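Computed from heavy atoms alone, side chains included, the values below leave out hydrogens, waters and symmetry copies. Given the structure is predicted, the values throughout are model-derived calculations rather than measurements.
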Amino acid sequence: YIYQSFSIAKSAAIRFGASFGRRDSRGDGKVMIYDATNTEPIAESPLVTILASESKETWKLSSANFAELPAGDYVLRVVLNGAASVDNVFLHTMSVSGVIGNGSPGSITEAALKCAIDVSGPTISFNGGPNPITIPITSTINVTRNLTINGGNKIMLDAQAARRIFNVSAGVTLTLQDIKLVNGYNAGSGGMIANSGTLVLTNTSISNSRAISHGGAIQNSGTLTCTDCRFDRNQAGINGGAIDNTGTLNITSSTVSSN
């Protein structure tokens with residue numbers, strides 16, 4: 001047995017696998033995921049034989065994808081038969097891709113976005129095909145780690161005039177690039193985004209967002225930097241139709257109109 005432990009904080013789509021090289025094709029094996037007790041496998045994948053074209057070594061490879069694995073502690077285990085002839089073994093650590101979508105518009109969902117925000121790498125992008133896609137947002141997203149979301153000039157997040165989309169925690173940096181945010185709402189301040197950390201917007205537009213008190217689009221008490229952005233048709237009941245700033249604000253090459 002060769003094994004490696006890993007944990008995930010929230011249910012997520014994952015990929016796991018292993019590979020090893022041997023001098024001949026004898027033996028077989030499989031890759032399994034166990035829960036933290038390491039007693040009963042909850043998933044497994046058989047090993048597939050591949051012959052390297054140059055070295056003529058035989059490589060055994062195994063990988064599997066899971067649409068969802070619940071939060072918890074796990075053990076990735078490789079079971080080898082005929083292990084005496086194995087040259088090397090490599091465990092591929094559990095990973096969650098930062099690319100949302102499989103090329104079809106239907107694969108770009110709020111659930112996929114929130115999963116990536118929770119457990120993917122630091123950069124999120126989208127693969128939903130060539131046409132613009134709107135993602136309806138049904139609950140506010142709390143950003144608690146450094147993160148970049150790149151919409152590729154195709155993604156629009158729609159808060160449906162019912163909620164704020166992002167809360168950015170103190171000590172955290174959220175970067176939004178090439179993306180549109182529309183129809184935010186908050187009964188207090190910050191109709192679309194409330195920023196207590198560092199918020200960096202590049203080629204991002206926020207429109208038709210409303211706050212009852214301050215900051216129709218953004219309430220900023222941290223650091224906000226906007227470059228090549230657009231704020232239009234946002235409104236607040238008291239101050240800051242587009243932005244209410246009590247922190248540090250830098251705006252460059254951006255348009256603020258009809259707020």
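A donor-acceptor pair is defined here as one N or O able to donate and one able to accept, closer than 3.5 Å; no such pair exists between the side chain of Lys154 and the backbone of Phe126. Of the possible polar contacts, one joining the Ser209 side chain to the Gly216 backbone as a donor-acceptor pair under 3.5 Å is found. Put simply, the side chain of Asn239 never gets that close to the backbone of Asp244: no donor and acceptor are under 3.5 Å apart. In this structure a side-chain-to-backbone donor-acceptor pair under 3.5 Å is missing from Asn245 to Ser221.
Scanning all heavy atoms of the two residues, the minimum distance from Thr198 to Val168 falls at O-CG1, 4.2 Å. Among all heavy-atom pairs drawn from Ser139 and Glu110, the shortest one is N-OE2, 3.4 Å. Contact record, Ser205 with Lys180: OG-CG, 3.2 Å, taken as the closest heavy-atom pair.
Here the side chains of Ile141 and Ile117 are in contact, with some heavy-atom distance below 4.5 Å.
Residues forming a side chain to side chain contact (heavy atoms under 4.5 Å, CB included) with Asn186 (at least two apart in sequence, or on another chain): Arg164.
Between the side chains of Asn203 and Asn153, at least one donor N or O lies within less than 3.5 Å of an accepting N or O. Between the side chains of Gln177 and Thr204, no donor N or O sits under 3.5 Å from an acceptor N or O. Checking Ser213 against Ser189 by side-chain atom types alone, a donor-acceptor pair falls below 3.5 Å.
With side-chain heavy atoms closer than 4.5 Å counting as contact, directly or through intermediates, the hydrophobic cluster containing Tyr185 also holds Ile212.
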